[in-house]
Amino acid sequence: MAFEIGPYRFANNLVLAPMAGVTDRPFRQMCRRLGAGMTVSEMITSRPDLRDSRKTRLRMDHSGEPGPIIVQIAGGIPAMMADAARYNIDNGAEIIDINMGCPAKKVCRVDAGSALMKDVRLVESILRAVVSAVTVPVTLKMRTGWSRSNRNAVEIAHIAEDCGIQALTVHGRTREDKYLGEAEYETIRQVKKNVGLPVIANGDINSAKKAQMVMDFTAADAIMVGRIAQQRPWIFQQINHFLQTGSEPDDPADELKQAWLVGHLQNLYAFYGEHQGVRIARKHINWQLGNDQYYNQIKPALMQATTASQQLTSIAAYFDDNRLNRYDRAS
Ligand SMILES: Cc1cc2nc3c(=O)[nH]c(=O)nc-3n(C[C@H](O)[C@H](O)[C@H](O)COP(=O)(O)O)c2cc1C
């Protein structure tokens, strides 16, 4: 069944998680090309005094992205969140997502993210303020609760539905869990059972099989994938393949991985400018190649590249050497 939020129908039910410092425009565009049906911006603070920073301006840049443009806002003051929603809509947002999923205690010095889940009345005030301030769909991303002894996601889901929220994402951990332990999906299942809203299941989905398992178990309408996409952005293609055919996807050929990585690096240089782009590219290179033994031998040299052309030359050499190594091992 197609996945829909308000008037928007998505190409599939695979969502790239918002990840601050990761899911910038070049990363979102790559994941879309590799099979994600929906992407969300990195969170944008609701504080108006930070709107003019270069960081916020780049986070608000969606030019060339396929719609609907989904912008996540973070903050703990209802009127400020309502104002931030209006401001982002004036700047192109077509869906507003409210962040109650981030484990950081404070986002910009006020309680925000999943810390809010402790104060159910404040949650309700924020949701009502934002929904009544705008005419576009508003969605909510949350965790399963404040702590393991206080998993209140179902209670908040009811409140969200009552306030006019149009979809819910649930990460299967509590705020107290941070990223420790394993995500649990029973609470997500309960949320789906208890409300009529579209539910997106999230947490530790790191393979096509796991994606199928989580969808079947929770009955969620869609699944959201975060950290594994940093290492394997082609995971979306693989999950799509598995959901459609039931057969295990092959690992993409190195030639394809190289082309995707180079394309991504070129987009980073164009988006951030060469100086910053080369530096931001380093973490993406590490995430994608970091599990490879040969990469770890040449990593120090590769990390020293300071221009786009040096970095691209090093990447080409890495993939060429790797092909030779594979050939040597095989012969
Ligand atoms: C580096 C990083 C940054 C994140 N930033 C955000 C964010 O801005 N907003 C948000 O709602 N969640 C954020 N998250 C949480 C993810 O969206 C997701 O819920 C979490 O990583 C679990 O999914 P996964 O196991 O597939 O990674 C972040 C996670 C990571 C690792």
Side-chain angles (χ1 to χ4, degrees), residues 13-25 27-28 31 36 38-47 50 55-56 58-60 70-76 81 84 88 95-108 111-117 123 126 130 138-145 153 156 160 165 167-185 187-188 191 199-211 213-215 218 220 222-233 235-236 238-239 280 283-284 286-287:
N13 46 11
L14 304 183
V15 184
L16 169 67
M19 292 186 285
V22 183
T23 54
D24 54 14
R25 195 187 81 189
F27 192 83
R28 292 194 299 271
C31 290
M38 168 178 154
T39 56
V40 185
S41 75
E42 305 167 85
M43 69 179 167
I44 293 182
T45 170
S46 57
R47 275 180 52 183
L50 298 178
K55 185 169 156 187
T56 303
L58 285 174
R59 282 191 178 190
M60 287 175 61
I70 308 179
V71 172
Q72 188 186 64
I73 56 173
M81 288 288 276
N88 280 287
I95 295 179
I96 293 289
D97 185 50
I98 297 179
N99 178 347
M100 291 190 193
C102 172
K105 201 170 188 172
K106 307 260 178 192
V107 176
C108 297
D111 278 346
S114 54
L116 294 169
M117 292 184 76
V123 168
I126 292 172
V130 175
V138 180
T139 60
L140 172 66
K141 180 165 180 286
M142 63 178 169
R143 289 191 167 219
T144 53
I156 293 185
I165 291 293
L168 289 171
T169 301
V170 188
H171 172 193
R173 287 190 174 82
T174 68
R175 177 178 179 275
E176 218 173 59
D177 292 332
K178 298 186 177 122
Y179 288 96
L180 302 172
E182 285 181 15
E184 56 89 12
Y185 306 110
T187 308
I188 304 178
V191 168
V199 171
I200 304 169
N202 168 240
D204 294 355
I205 296 170
N206 55 9
S207 69
K209 262 196 174 152
K210 183 106 181 244
M213 186 282 278
V214 173
M215 286 196 83
T218 60
I223 52 161
M224 176 181 276
V225 172
R227 290 163 295 174
I228 197 67
Q230 294 171 220
Q231 291 166 42
R232 291 193 275 133
I235 183 88
F236 298 100
Q238 296 187 312
I239 297 175
I280 289 177
K283 67 185 175 192
H284 290 278
N286 275 328
W287 286 328

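Whatever order the structure lists ligands and atoms in, that order sets their numbers, starting from 1.
At a heavy-atom cutoff of 4.0 Å, ligand 1 is contacted by both the backbone and the side chain of Met19. Contacts between Asn202 and ligand 1 below 4.0 angstrom, taking non-hydrogen atoms only, involve the side chain exclusively.
Those atoms of ligand 1 that come under 4.0 Å of a heavy atom in Tyr179, given as number and element, are 14 (N), 15 (C), 20 (C), 21 (O), 28 (C), 29 (C), 30 (C).
The nearest pair of heavy atoms linking Ile188 to Ala201 is CG2-CB, 3.8 Å. Across all their heavy atoms, Asn99 and Ala74 have their closest contact at CB-CB, 4.2 Å. When all heavy atoms of Gln72 and Pro18 are compared, the closest pair comes out as NE2-CG, 3.7 Å. Minimum interatomic distance between Ala211 and Ile239 (heavy atoms only, all atoms of both residues): CB-CG2, 3.6 Å.
At a 4.0 Å cut-off, not a single heavy atom of Glu42 sits close enough to ligand 1 to count as contact. For the ligand labelled ligand 1, residue Gly21 lies outside the 4.0 Å heavy-atom shell.
Comparing Ala201, Pro18, Ala183 against atom 6 (C) of ligand 1, the shortest heavy-atom distance belongs to Pro18. Which of Arg227, Gln230, Gln72, Arg173 comes nearest to atom 24 (P) of ligand 1 through a heavy atom is settled by distance: it is Arg227. Among Met142, Met43, Glu182, Lys141, the residue whose heavy atom lies closest to atom 10 (C) of ligand 1 is Lys141.
No more than 12 heavy atoms of other residues, nucleotides or ligands shown are found within 6.0 angstrom of NZ on Lys209.
In terms of polar-atom proximity, defined here as any N/O pair under 3.5 Å, Met224 makes no such contact with ligand 1. The shortest N/O to N/O separation between Val225 and ligand 1 does not fall below 3.5 Å.
Here the straight-line distance linking atom CE of Met142 with atom CG of Asn202 works out to 12.0 Å at 0.5 Å rounding.
Geometrically, Arg143 engages Tyr179 in a cation-pi contact defined by less than 6.0 Å to the ring centre and at most 45° from the axis.
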